[in-house]
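Comments concern the structure below.
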Amino acid sequence: MACVALQNLSKFYDQIDAVKYINLEIDHNEFIVLVGPSGCGKSTTLRMIAGLEDPSEGDILIDDKWVNNVPSKDRNIAMVFQNYGLYPQKSVYDNIAFSLMLKKLPKAEIDRKVKEAADILGISDLLDRRPKQLSGGERQRVAMGRSIVRNPQVFLFDEPLSNLDAKMRTQMRTEIKKMHQRVETTIIFVTHDQVEAMTLADRIVVMNNGKIEQVGTPQELYDNPKTLFVAGFIGTPAMNFTTGKIVETNDVLSIQLGNQMSLALPKERYDRYQKYLGDTLTFGIRPEHVTEKRRHINATQVDFDATVQAVEPMGMDTLVYIDMDGIEMNARTEPKSVLGVGESMSFTINMSHMHLLDPKTELIV
Ligand SMILES: Nc1ncnc2c1ncn2[C@@H]1O[C@H](COP(=O)(O)OP(=O)(O)OP(=O)(O)O)[C@@H](O)[C@H]1O
Ligand SMILES: [Mg+2]
């Protein structure tokens, strides 16, 4: 395991600035997930760390050593790609052993390492097969085995789960997490799937448009997003956004949504919001914080009535698309509480979880 530092790392192509001055410190044995929409620069960042792409600007340090000019093969990094790149003619055993054979390690040592890796990954009984005789998930494990035996300082994964079916994805996710616990190593994992990012990462790096939007633990990003992009990207279904004006009546600070609805803001945030009195801000609330009407457990809960527009049962809970006076929201409700489309239903909104954003800067205020 090793620590990795990216300092002002950038990649400029003729037509596009793929990565723009990113800074990131990755700790020993940390599981970092780079997440963001297609084209935001995740793979380019990973390829620069791997040494497959030269940075246009900036520095890459591995264990405090400057590696910009160190060839890929000497960086002691293993990269697992989306298409695992296994040798079709070789057995699983030989696929895993290949890099060790190239290094001309003694046969007995190769054997020990291959069997140890196969044991960690639960593929000991597949060693004689060829890749085409394996399922997608098994191939994935062979690709990981091939990396593990090299005992790299850093593992890089580029969307390794994206061509697996939903069930296999979840299974392999657990597999990779277990592997990380068993083989102490630093992992940098790229995905565009925020659920994958949330479940795997020690820390998530949210990228957008070649830049880092925010870095934090999954819970930090969920609870305290700093930008509109992160607020909308992390969490499913996505956070509801609407605009409203900050008003004050009888010393109560509220946000006025549409003509009808005035929601009192949490008292402990008055200091933060006072200066926006009279301004129009973006109001954000996650669907899970808008529920069917409930008995209040704290003073920041507010009730309102709205019309049911559409209903999506999820099993454990039901998503209800609601409309109150032109303001549309998505609520997450107890299935039994849901009324039919077109009916008016009472909801509770938990204002202690809401966010306000400046519509111009798109930053949380
Ligand atoms: N060799 C290249 N030449 C020119 N532009 C490139 C090259 N490689 C990538 N790009 C551009 O750089 C941007 C970032 O690409 P990158 O592959 O890093 O995105 P990504 O975040 O991995 O996306 P995805 O989720 O689709 O894999 C994209 O706009 C892409 O078109
Ligand atoms: Mg990519």
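Just so we're clear, the structure is a prediction, and the values are computed from it rather than from any experiment. Each ligand, and each atom within it, is numbered from 1 in the order the structure gives.
Note on Asp111 versus Lys107: no salt bridge recorded, every NZ/NE/NH1/NH2 to OD/OE distance being 4.0 Å or above. Of the charged side-chain nitrogens involved, at least one lies within less than 4.0 Å of a carboxylate oxygen, so that Glu292 and Arg294 count as a salt-bridged pair.
The shortest contact between atom 27 (O) of ligand 1 and any protein heavy atom is with Ser43 OG, 3.9 Å. From the protein, the heavy atom lying nearest to atom 25 (O) of ligand 1 is Lys42 NZ, 2.8 Å. The nearest protein atom to atom 26 (O) of ligand 1, hydrogens excluded, is given as Ser38 OG, 2.5 Å; this is a heavy-atom distance. Among protein heavy atoms, the minimum distance from atom 10 (N) of ligand 1 is reached at Tyr13 CE1, 3.5 Å. With respect to atom 12 (O) of ligand 1, the closest heavy atom belonging to the protein is Ala18 CB, 3.3 Å. Distance from atom 14 (C) of ligand 1 to its nearest protein heavy atom, with residue and atom name: Gly39 O, 3.4 Å.
Distance alone, capped at 3.5 Å, places no donor-acceptor pair between the Tyr93 side chain and the Val114 backbone.
Among the atoms of Ser43, an N, O or S atom falls under 2.8 Å of the Mg ion (ligand 2).
Side chains of Arg150 and Ser99: a donor-acceptor N/O pair is absent below 3.5 angstrom, by distance only. A donor-acceptor contact under 3.5 angstrom links the side chains of Ser346 and Asp305, judged on distance only. A side-chain donor-acceptor contact under 3.5 Å links Asp158 and Ser43. Residues Asn298 and Thr300 have side chains that bring a donor and an acceptor to within less than 3.5 angstrom of each other.
At a 4.0 Å cut-off, at least one heavy atom of Glu159 sits close enough to ligand 1 to count as contact. Judged by the shortest distance from any of its heavy atoms, Gly41 lies inside the 4.0 Å radius around the atoms of ligand 1.
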Intermediate values then yes/no, salt bridge (Lys or Arg N to Asp or Glu O under 4.0 Å), Arg203 and Glu30: CA-CA 8 Å; Arg203 282 189 307 154; Glu30 199 173 19; 2.5 Å; yes
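Every N/O-N/O distance between Ile16 and ligand 1 stays at or above 3.5 Å. By the 3.5 Å distance cut-off applied to N or O atoms, Thr45 is not counted among the residues near ligand 1. Among the atoms of Cys40, some N or O lies under 3.5 angstrom from an N or O of ligand 1. Residue-to-ligand polar distances place Thr44 within reach of ligand 1: an N/O pair is separated by less than 3.5 Å.
Shown here, atom 30 (C) of ligand 1 is out of close reach of the protein: none of its heavy atoms lies under 4.0 Å off.
Between Phe347 and Phe304, the two ring planes are parallel [angle under 30°; tilted spans 30° to 60°].
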